[in-house]
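Both ligands and their constituent atoms are indexed starting at 1 by order of listing.
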Amino acid sequence: MTQQHNNPILIEPTGELPRRVGIIGAGTIGPDIGYYLKSAIPGLNLVLIDISRDALERALERLHAYADKGLARGKLTPEQAAGVRQNLAASIDYDDLDGCDWVIEAATENIELKKQIFSRVEDITGRDCMITSNTSSIPAHSLFSHLRHPERTTVTHFFAPAFRNPVVEVVDWQQAAPAFIRRLRRLFYVTGKVPMVTRDVVCFMLDRIFDNWCNEAGFLLTGATPAQIDHTAGAYVHAGPFFVLNMSNGNPIIIETNTLQAELEGSHYQPANIFQQAIDHDNLGQPQITKIDNLGQPQIGGNDNLGQPQIADRGLLWDESGKWLTIKPGENVDVPQAVTAEIRDRLLGVLFSQTVDILDRDIGTAADLELGCRLAFAFRQGPLELMRELGEQESERILAKFTRAKPGMPGPQRPLHAYQDFHRFILADELDGVKIITLRRPEALNALHDNMTDEILALLKQYEDDPQTRGFIITGYGVAAFSAGADIGRFPSMLGDRDQCIDYARVCSRLLVYLDSCRKPVVAALNGMALGGGLELAIRCHGIVAVDNAWLQFPEITLGIAPGIGGMVVPYRRWPAAAAAFHGMLLAAEKMSAAKAHGLGIVDKLSETHDALLHDGIRLVGELADRRRGPADAPVSIAALPAGEDEPHSFAGQRLSGAVFAVIRQAISDAAAAASLDEALELGYAAFAESAATAAAREGISAFMEKRKPDFTGL
Ligand code: COA
């Protein structure tokens with residue numbers, strides 16, 4: 001899909017944020033969507049509509065409970081929590097939708113019912129009211145074509161839990177006005193979501209992956225247990241298909257959506273019969289078990305894969321409530337090697353087949369598909385990344401085997417390497433001759449890793465000598481974070497290995513060193529927090545603009561490590577007069593507001609809104625055109641460092657490690673005195689490696705990964 005702007009903040013604002021929203025359907029997802037909207041849009045008036053008073057009662061309780069929880073966990077301020085509880089109504093009367101500027105339907109997946117609902121909504125609401133459906137499968141044209149004003153209608157498909165899962169598919173269908181689709185993209189973006197535009201095909205983009213993945217798991221039950229399948233799938237996803245089906249009562253969904261796919265696109269999408277049997281568990285009990293001794297050589301694939309269970313001797317498939325008998329994510333179960341191989345080939349087969357089909361039919365973008373699979377379904381990596389890692393030959397083998405066994409299932413229309421040509425972790429845009437690079441890893445607040453920095457570097461190199469390009473802006477996706485630092489998930493494997501740590505720091509620094517001598521101006525546009533490695537990237541850019549609620553921090557010492565890629569060097573060599581403030585940031589993790597950074601000359605311009613930010617950045621690119629800025633290549637004299645402490649504390653009162661405090665203190669001092677920038681940077685890499693060898697680093701990083709507070713006592 002080609003879009004005019006990849007980063008939705010570049011879309012020209014049209015229309016205000018909605019003030020009154022109606023949600024039809026008080027099941028689970030309806031109230032969850034309501035909570036997202038209430039917590040994201042201050043003062044929003046929300047009305048929930050359902051035919052069941054009980055369901056409405058439960059939905060209201062749910063919203064109040066979310067507000068309590070959000071407050072208790074510090075995710076909501078008391079004002080925000082109060083805002084969720086206020087202006088909240090529930091009704092069985094559709095007339096209460098009057099005055100809504102957005103109605104979202106989240107009712108039963110029934111085309112005729114939904115069409116009637118939309119006709120009614122159109123009669124009650126105004127001409128400009130946005131009308132959207134949360135269907136996971138029914139194409140928009142089947143739902144909205146009959147309306148008088150279909151141009152303000154479409155599917156906005158959320159993923160569970162809708163208040164936390166950021167993905168929303170926005171279906172770009174024939175009769176929807178392009179400006180309406182753009183408005184939705186922008187609206188979702190500024191309220192914290194990750195909108196993904198898809199074409200109007202059955203199941204849109206992401207559920208084509210998920211439903212067929214689950215359906216294939218159903219067919220695999222001819223030769224393996226749910227637990228064996230979930231265990232094998234665990235190499236690729238955090239929770240296997242049967243575990244997820246149990247959590248989401250998903251059996252009927254697979255039947256509905258795959259039946260629809262089969263009707264619209266061919267019988268190869270037919271749902272496995274076993275799902276209906278699981279639903280009918282009360283009447284039919286367990287299916288007939290045919291004893292097959294040779295589990296090592298299961299009869300799966302080929303002609304057996306029609307879902308008629310030829311079930312191996314492996315006990316029951318589901319319990320008395322119809323839940324699949326499976327394991328929890330991370331639990332173990334024995335799976336014979338040949339069974340593992342077959343499950344793997346079939347699951348990857350359907351995954352790759354859907355992937356190439358989605359891209360060949362331009363149903364969505366490769367970048368959205370990758371990110372969507374990670375965010376919406378907790379795939380450990382996107383399917384294209386997986387294909388790249390497995391290599392072309394192995395991926396071809398899997399695809400060929402799958403499409404042979406499942407006639408009709410799509411195969412690749414191009415050589416497999418041709419599907420790999422896209423940016424995975426950044427978005428690239430162009431405005432007024434400036435390339436805008438957006439860091440996009442919303443699942444980790446845009447934390448940086450070398451694949452992401454390599455993409456940035458490649459883009460800089462590609463356009464540095466392009467006469468049409470005046471310069472670059474680097475910004476973060478969303479309204480919360482520029483970047484929350486280096487990806488902490490990559491640290492545990494290197495802790496304690498000095499050479500590997502130094503090597504890591506040098507590799508991570510390639511982009512930063514390049515920026516030092518880049519011939520075109522590069523401006524960091526801080527759309528939110530810039531922490532650790534993210535701040536190290538920002539201060540290496542030649543200029544900084546920031547929204548006024550952004551903030552800067554080096555939290556590394558709270559993780560038991562030193563900032564390795566210039567954090568102890570560059571601030572002092574660029575803004576030596578602010579040295580005392582940097583001491584506090586590096587040795588006590590003090591936060592610096594964008595306003596303070598502006599006062600100290602670190603931030604060039606404060607922007608009042610996210611809209612203004614990139615335009616201010618573009619102006620700064622123009623101002624910097626003839627001026628090169630970067631860290632000094634000579635020693636700097638800096639304010640005296642605070643004395644060493646045995647029991648240092650962070651600005652927030654957290655006990656820190658004395659050993660790491662000493663490493664950072666020494667490195668700041670040595671680097672300031674170093675004869676050249678290169679020498680100073682090398683000292684920084686070495687200090688990072690030294691800190692990473694401490695017991696404090698092990699404790700700090702483990703604590704982050706385990707989501708607990710670190711205990712640096714005695715470290
Ligand atoms: N590396 C990897 N993942 C990171 C990350 C980083 N630097 N920063 C945040 N994330 C992940 C979190 O693990 C979390 O993932 P999960 O949803 O799978 O659990 C997700 O991003 C959201 O972060 P969360 O901590 O839930 O958000 P929050 O709003 O409660 O807190 C921060 C935000 C920034 C305060 C907190 O994420 C944090 O302290 N991050 C580490 C910052 C840091 O030390 N950076 C320097 C690294 S060198």
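- Among Leu371, Leu375, Asp487, the single residue meeting the side chain to side chain contact (heavy atoms under 4.5 Å, CB included) criterion with Arg441 is Asp487.
- Between Phe379 and Phe377, the ring planes lie perpendicular to each other; the angle is over 60°, past the 30° to 60° tilted range.
- Ranking the protein heavy atoms by distance from atom 40 (N) of ligand 1 puts Phe704 CE1, 3.5 Å first.
- Protein heavy atoms are absent from the 4.0 Å sphere centred on atom 35 (C) of ligand 1.
- Enclosure of atom CZ in Arg498 is not indicated, since only 12 or fewer non-hydrogen atoms of other residues, nucleotides or ligands lie within 6.0 angstrom.
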Verify salt bridge (Lys or Arg N to Asp or Glu O under 4.0 Å) between Arg424 and Asp454, making sure each step is shown before the conclusion. CA-CA 11 Å; Arg424 286 167 166 75; Asp454 283 351; over 6 Å; no
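- Below 3.5 Å of separation, one finds an N or O of Ala484 facing an N or O of ligand 1.
- Nearest protein heavy-atom neighbour of atom 11 (C) of ligand 1: Ala444 CA, 3.7 Å.
- Close approach to Glu556 involves these atoms of ligand 1, each under 4.0 Å from a residue heavy atom: 48 (S).
- Aromatic ring pairs are classed by plane angle as parallel below 30°, tilted from 30° to 60° and perpendicular above 60°; the pair Phe163 and Tyr35 is perpendicular.
- Set against the non-hydrogen atoms of Met529, the atoms of ligand 1 under 4.0 Å away are 34 (C).
- In this structure, atom 13 (O) of ligand 1 has protein heavy atoms in its sub-4.0 angstrom surroundings.
- Neither the backbone nor the side chain of Thr558 has any atom closer than 4.0 Å to an atom of ligand 1 (non-hydrogen atoms only).
- Protein heavy atom nearest atom 29 (O) of ligand 1, with residue, atom name and distance: Lys75 NZ, 4.3 Å.
- Less than 6.0 angstrom separates the ring centroid of Phe491 from the ring centroid of Tyr504.
- Of all protein heavy atoms, the one lying nearest to atom 43 (C) of ligand 1 is Pro555 CG, 3.5 Å.
- Partner Ile436 forms a side chain to side chain contact (heavy atoms under 4.5 Å, CB included) with one of Asn6, Ile474, Ile426, Asp429 and no other, that one being Asp429.
- Using a 4.0 Å threshold on non-hydrogen atoms, atom 17 (O) of ligand 1 does not count as touching the protein.
- Only one option out of Lys709, Arg708, Arg655 pairs with Glu699 in a salt bridge (charged side-chain N to carboxylate O under 4.0 Å, His left out); it is Arg708.
- Shown in contact with Lys707 at under 4.0 Å from a heavy atom are these atoms of ligand 1, numbered in order with element: 13 (O), 16 (P), 19 (O).
- Within a 4.0 Å radius of atom 25 (O) of ligand 1, the protein contributes no non-hydrogen atoms.
- Ion pairing between a basic and an acidic side chain is recognised when a charged N comes within 4.0 Å of a carboxylate O; Arg380 and Glu385 show no such pairing.
- On a distance-only criterion, Ile488 and ligand 1 share at least one N/O pair closer than 3.5 Å.
- Atom 44 (O) of ligand 1 has as its closest protein heavy atom Leu559 CD1, 3.3 Å.
- Shortest contact from atom 31 (O) of ligand 1 to any protein heavy atom: Leu445 CD1, 4.6 Å.
- Around atom 21 (O) of ligand 1, the closest heavy atom drawn from Glu443, His449, His238 belongs to Glu443.
- Taking 4.0 Å as the cut-off between side-chain N and carboxylate O, Arg164 and Asp32 do not count as a salt-bridged pair.
- Ligand-side atoms of ligand 1 in range of Leu531: 34 (C), 42 (C), range being under 4.0 angstrom from any heavy atom.
- If you look at Ala447 next to ligand 1, the close heavy atoms, those under 4.0 Å, all belong to the side chain.
- Taking the six-membered ring for Trp, His649 and Phe712 have ring centres at least 6.0 Å apart.
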